[in-house]
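See below for the structure under consideration.
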Amino acid sequence: RRGGGGESEGSVYVPKLPQDVSNEIAALLRYNRLTIEEGFQEFDSDGDGAVSLNDLFSSAKEFGIQASNEDLVTWFEATCQSETSPSGVTPSEWKRTLEGADADRVLMSIGLLPSTEEETSFNLRKDASPTVTANNEVGEVGSALTAWIKVRPPTL
């Protein structure tokens with residue numbers, strides 16, 4: 001287990017590169033069947049139109065993203081390059097960063113392979129939507145992904 005302070009005693013933590021954090025966020029979105037735009041809304045927890053560092057920290061904790069606070073700060077600084085929005089990552093910066101991410105690599109590394117009914121590629125789809133049953137149940141998943149599931153009531 002890497003990141004987030006969950007290292008075992010005696011282990012050495014290797015910092016993640018910003019691309020690694022992008023890959024994990026993209027995998028999280030793909031696994032939850034969220035578009036990049038929907039993912040932005042989920043991470044913008046205060047709804048102010050930008051993903052602030054506080055939004056990123058709280059979302060990373062909520063979703064169980066395996067990255068240290070230092071990794072998240074590095075990702076944030078690499079992603080938030082807009083002088084016009086110093087309060088955080090804008091929707092266009094979020095999209096630019098995550099469109100180039102490799103969700104496939106993360107999902108495959110934890111043993112989650114596409115089913116025959118799903119796409120053979122894990123690239124983020126623009127038409128993806130969360131899948132939740134009528135009684136808010138989600139199918140069984142591996143323990144490594146349990147924290148990634150954010151169950152929302154189905155829209156009517």
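Count residues from 1 along the sequence.
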Listed by chain and number, what are the side-chain contact (heavy atoms from CB on, under 4.5 Å) partners of Ser92, not counting sequence neighbours?
Thr90
Value rounded to 0.5 Å, distance of [atom1] in [X] from [atom2] in [Y]:
{"X": "Phe76", "Y": "Asn69", "atom1": "CZ", "atom2": "CG", "result": "13.0 Å"}
{"X": "Thr79", "Y": "Leu56", "atom1": "OG1", "atom2": "CG", "result": "8.5 Å"}
{"X": "Leu98", "Y": "Arg30", "atom1": "CG", "atom2": "CZ", "result": "14.0 Å"}

Mind checking whether [X] and [Y] have side chains closer than 4.5 Å, heavy atoms only?
{"X": "Val89", "Y": "Phe43", "value": "no"}
{"X": "Trp75", "Y": "Thr97", "value": "yes"}
{"X": "Leu28", "Y": "Glu24", "value": "no"}
{"X": "Glu37", "Y": "Pro91", "value": "no"}
{"X": "Asp48", "Y": "Asp55", "value": "yes"}
{"X": "Leu72", "Y": "Thr74", "value": "no"}

For Arg105, check salt bridge (Lys or Arg N to Asp or Glu O under 4.0 Å) against everything at least two apart and list the hits.
Asp20
By ring pair (Phe, Tyr, Trp, His ring centres under 6.0 Å), which residues pair with Phe40, not counting sequence neighbours?
Trp94
Hydrophobic cluster membership, with links at side-chain heavy-atom distances under 4.5 Å among I/L/V/M/F/W/Y: are Val106 and Leu17 in one?
no
List the atom of [X], the atom of [Y], and the distance in Å for their closest heavy-atom pair.
{"X": "Ala67", "Y": "Val21", "value": "CB-CG2, 4.3 Å"}
{"X": "Asp102", "Y": "Asn23", "value": "N-OD1, 2.8 Å"}
{"X": "Ser59", "Y": "Glu42", "value": "OG-O, 3.8 Å"}
{"X": "Asp44", "Y": "Asp46", "value": "OD1-OD1, 2.8 Å"}
{"X": "Ala26", "Y": "Ala101", "value": "CB-CB, 3.5 Å"}

Applying side chain to side chain contact (heavy atoms under 4.5 Å, CB included), run through Ile65 and Phe57 and close with a yes or a no.
CA-CA 10 Å; Ile65 293 176; Phe57 287 154; over 6 Å; no
